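Predicted model, so just to flag it, every value in this text is computed and none were measured. Numbers here simply count residues along the sequence, with the first being 1.
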Amino acid sequence: MWKHTCKCLILLALASLPCAHPTQAAMMVKDAEEQIHLITDARDIWDLSEPGMDTVGYMCSDLDGNGRLEILVAEEGGTGLHTYTKIYEVNEAKDALVPCGRSWPDTSSEADIMMTNYVPMSVNGIDGIQWYSFTDEYRDGAEYGTANLALSLQDGTLHAKTIATTHTFYDDAGRPHVSYENAAGASISEKAYHKTLENVFAHSETTLISFPWLIYHRDTFHEWKEKSPTDIYTMLLDTYLNFSGEKEGMG
């Protein structure tokens with residue numbers, strides 16, 4: 001019964017996509033189901049044995065739109081608000097999972113990918129690359145700041161580019177001061193800072209994409225580990241359904 005319901009829901013979501021033919025949508029449904037079965041069966045490759053940080057999140061996606069799904073595994077916590085994300089993608093033969101690389105060092109700060117449920121996704125009409133906009137909040141003692149970042153998955157590698165940053169520090173009298181910088185590190189005004197995302201993707205089509213994370217904390221992680229393969233399959237399928245089906249244009 002549930003499997004039939006899932007098929008109907010995915011058909012409705014995929015059939016709403018531009019140029020989606022009912023037969024094509026049905027084939028996409030079957031393909032998505034098979035890939036999520038593959039991801040579920042490979043749980044020993046991507047799942048955590050125990051959380052290394054305060055919060056763990058899982059979801060399935062197709063970040064680059066190549067039709068091969070990914071499983072995203074993110075951890076978040078610490079006084080510095082650190083986030084670490086690993087991505088595994090279904091290979092071209094669709095018979096195995098492969099880890100995705102990244103274009104920055106493992107020790108670098110990362111986007112807080114679990115901080116929001118809806119993420120702006122911008123597609124450049126020239127190269128078709130899909131960029132997802134996040135923030136990365138960080139703390140260093142009394143100082144703190146935010147980096148606006150854009151992520152894209154390209155040929156199995158996750159890329160990141162900085163859009164703009166803020167930095168808050170305190171003088172000897174305890175007064176806060178905020179500085180703003182663009183991607184090149186040049187000082188800009190607060191007004192310019194708030195326009196950077198719009199300016200960077202001015203010639204792109206931008207929509208809001210759902211990132212429906214399955215969130216667990218240290219004290220609830222055992223609930224995730226106790227779930228059956230059927231439960232995992234159903235939950236991951238639901239995350240992909242929401243990721244692929246919920247899109248809202250931005251004015």
side-chain hydrogen bond (donor to acceptor under 3.5 Å, both in side chains) between Asn124 and Gln130: does it pass, once the steps are laid out? CA-CA 7 Å; Asn124 188 306; Gln130 301 178 173; over 6 Å; no
Take Tyr193 and Asn148, measure what side-chain hydrogen bond (donor to acceptor under 3.5 Å, both in side chains) needs, and give me the verdict at the end. CA-CA 10 Å; Tyr193 167 79; Asn148 290 333; 3.2 Å; yes
May I have the step-by-step check of side-chain contact (heavy atoms from CB on, under 4.5 Å) for Ile113 and Thr83, ending in yes or no? CA-CA 7 Å; Ile113 197 170; Thr83 299; 4.2 Å; yes
May I ask you to say whether [X] pairs ionically with [Y], meaning some side-chain N is under 4.0 Å from a carboxylate O?
X      : Y      : result
Lys30  : Glu34  : yes
Glu110 : Arg102 : yes
Arg68  : Asp62  : no

Tell me whether the rings of [X] and [Y] are parallel (<30°), tilted (30 to 60°) or perpendicular (>60°).
X      : Y      : answer
Phe134 : Phe211 : perpendicular
Tyr58  : Trp224 : parallel
Phe169 : His177 : parallel

[X] side chain to [Y] main-chain N or O, any donor-acceptor pair under 3.5 Å?
X      : Y      : value
Thr220 : Tyr216 : no
Glu181 : His167 : no
Asp171 : Arg175 : yes
Lys225 : Glu50  : no
Glu70  : Leu63  : yes
Asn242 : Asp238 : yes
Arg218 : Gly52  : yes
Asn199 : Lys195 : yes
Thr116 : Tyr118 : yes
Asp112 : Met115 : no

Under 4.5 Å between any side-chain heavy atoms of [X] and [Y], yes or no?
X      : Y      : answer
Glu76  : Met53  : no
Leu214 : Val56  : no
Val73  : Ile71  : yes
Leu208 : Pro120 : yes
Tyr84  : His82  : yes
Trp131 : Leu151 : no

Could you check whether atom NE2 of His203 has more than 12 heavy atoms from other residues, nucleotides or ligands sitting under 6.0 Å from it?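 Counting other residues, nucleotides and ligands, NE2 of His203 stays at 12 neighbours or fewer.
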Take a 6.0 Å sphere around CD of Glu223 and say whether it holds more than 12 heavy atoms from other residues, nucleotides or ligands.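 It does: Glu223 CD has more than 12 such atoms within range.
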Out of Leu241, Leu69, Asp231, Thr40, which one pairs with Leu236 under the side-chain contact (heavy atoms from CB on, under 4.5 Å) rule?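 Answer after filtering Leu241, Leu69, Asp231, Thr40: Thr40.
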Please evaluate residues Leu149 and Lys161 with respect to the criterion side-chain contact (heavy atoms from CB on, under 4.5 Å), reporting the C-alpha separation (whole Å), side-chain torsions for both, the decisive distance (0.1 Å), and the verdict. CA-CA 6 Å; Leu149 304 173; Lys161 61 181 178 182; over 6 Å; no
